[in-house]
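Beneath this line is the structure, given in structure tokens, with notes to follow.
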Amino acid sequence: MSDDEADPELLALLRQHLQGKLTLSEDPETGVLESAEYVCDNSIDVALDMRSCKNAAAAIYAQMQQQEYSAAKWSAHELHPKAKDEATVAFIFTMDLLNFSFWSEKPEADRFALSYRDKRWTGYWSLVAALQRALDEGIPITDSHFWQDEEECTLDVLKHVFRSSTDEEMPLLKERLACLREAGTVLYQKYKCHPVNLISEANGSAAALVNLLARDFGCFRDEHRFEGRRKPIRFLKRAQILVADLWACFEGAGYGAFQDIDKITMFADYRVPQILNSMGCLAYSPPLDAAVRAKREIPQGQSWEMQLRACSIWCVELIRREILKQHPGTTINAVLIDFFLYDTMKKMELEGLESIPHHRTRSIWY
Ligand SMILES: Nc1nc2c(c(CN[C@H]3C=C[C@H](O)[C@@H]3O)cn2[C@@H]2O[C@H](COP(=O)(O)O)[C@@H](O)[C@H]2O)c(=O)[nH]1
């Protein structure tokens, strides 16, 4: 067949499509909601309180309206990147590769903290500040070529990037370096060394992008066994928050344009379960409640930890459905509810209003 002749198979497919006979493959699903509902239905140490979820839906909606809460708030934060370009995509990809496990056992004054732009940053914001500071210092921390260069991108360089203003180091630094190395290799092998090519591969689907991340990057494959069930339970928290951060940063356009963003669920971290419990939406069994209040470490993958994560996802899904029922046509989705709950929890923490500690699990998943 010469170059300018169309492929007969392609022509046949096109003809079928034009005649309405070709049903393109179903929109992809991530399987996270199905996983969350399954674990929640089989949980005995974490339960949802429906009355509180209903009340929470009304309160969250009212406060989001009052604060004019929208995706635009994402870029408003001084540390988040402002430019709507490939460099920002690389920044967000790097950030969500490493967006896990900032909590400390030390008192507030001694915990890992980072000084940047004359402020002290802890938790998630210490990560964002560290990346911004590295770029200011000419360290190409968001460049996948750098991640692969074992001479340049060493553990000592990462220690410098995340250097603390206290004696405590950022947790899991070796694991963070391993995430960068793996991501650098996969981006080199499959995506021409840049995450923008990942986004275009997903063809405007948030669920497809989440699935690509879980398929190709072990460090995004946040799925685990639950009590003998054959099919793994999928949480995919950092894959989902990566898609959500792109969507929020680019305000649903450009590299953040996803026609199915509403398929993204709440991000199963250690902060949102804390506020859901404080609002009465999640109830813990006495032994779990005692373990959380005693700040005892809860191992990743253990039943309690799986129940905390899954019930949080399912709880926010029910709150989302209740808001939709009370306010048909609202643009509020699980991403915005989640962002709002995280930000509200951080405000409560700042004002010393935490009624229960967050649970202590050390892992690269959240
Ligand atoms: N579910 C959920 N988890 C979130 C975030 C964020 C930050 N998102 C920003 C972007 C838009 C929003 O408006 C936020 O301003 C971080 N985390 C997770 O929390 C943990 C860090 O806690 P702490 O150590 O206390 O900072 C860690 O697992 C981190 O991955 C979120 O939004 N939702």
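All ligand and atom numbering here is 1-based and tracks the order in the structure.
The closest approach between H80 and ligand 1 falls below 4.0 Å for a heavy atom of the residue. Taking a 4.0 Å cut-off on heavy atoms, W125 registers as neighbouring ligand 1. At least one heavy atom of K237 sits closer than 4.0 Å to an atom of ligand 1. Contact between K346 and ligand 1 is present, with at least one heavy atom of the residue lying under 4.0 Å from the ligand. Using a 4.0 Å heavy-atom cutoff, Y69 is listed among the residues neighbouring ligand 1. Ligand 1 does not have W103 within reach: every non-hydrogen atom of the residue lies 4.0 Å or more from it.
Ligand 1 places these atoms under 4.0 Å from at least one heavy atom of V272: 1 (N). Interface atoms of ligand 1 facing F267, defined by a heavy-atom separation under 4.0 Å, are 1 (N), 33 (N). For ligand 1, the atoms lying closer than 4.0 Å to a non-hydrogen atom of R271 are 22 (O), 23 (P), 25 (O). Those atoms of ligand 1 that come under 4.0 Å of a heavy atom in D343, given as number and element, are 12 (C), 13 (O), 14 (C), 15 (O). Listed by atom number, the atoms of ligand 1 under 4.0 Å from D338 heavy atoms are 1 (N), 2 (C), 31 (C), 32 (O), 33 (N).
We find the OG1-NZ distance between T30 and K263 to be 8.5 Å, quoted to the nearest 0.5 Å. Separation of atoms CG (L79) and CZ (R117) is listed at 6.0 Å; rounding is to 0.5 Å. Here CD of Q302 is found 13.5 Å from NE2 of H224. Values are rounded to the nearest 0.5 Å. Here the CD1-SG distance, from I323 to C53, works out to 11.0 Å after rounding to the nearest 0.5 Å. Atom OH in Y342 sits 12.5 Å away from atom CZ in F267 (nearest 0.5 Å). Atom CG of D96 and atom CG of L127 lie 8.0 Å apart (nearest 0.5 Å).
Protein heavy atom nearest atom 21 (C) of ligand 1, with residue, atom name and distance: Y270 OH, 3.4 Å. When only non-hydrogen protein atoms are considered, atom 19 (O) of ligand 1 lies nearest to D269 OD2, 3.1 Å. Of the protein's non-hydrogen atoms, Y124 CE2, 4.0 Å is the one closest to atom 9 (C) of ligand 1.
In this comparison of F102, Y342, Y366, the heavy atom closest to atom 31 (C) of ligand 1 sits on Y342. Closest to atom 12 (C) of ligand 1 by heavy atom, among W74, F339, F340, is F339.
Between C219 and L97, some side-chain heavy-atom pair lies under the 4.5 Å cut-off.
With F100 as the aromatic partner, R176 meets the cation-pi criteria of under 6.0 angstrom to the ring centre and within 45 degrees of the ring axis. Geometric assessment of R120 against the ring of W125 yields a negative cation-pi assignment under the 6.0 Å and 45° thresholds.
Annotation: I241 places no N or O atom under 3.5 Å from an N or O atom of ligand 1; distance criterion only.
At a heavy-atom distance under 4.0 Å, atoms from both the backbone and the side chain of N99 approach ligand 1.
Ring-centre distance between F102 and H358: not below the 6.0 Å cut-off.
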TODO: In sequence, state the C-alpha distance, the side-chain angles, and the governing distance for K190 and E201, and then conclude on salt bridge (charged side-chain N to carboxylate O under 4.0 Å, His left out).
DONE: CA-CA 10 Å; K190 303 192 75 166; E201 177 91 6; over 6 Å; no
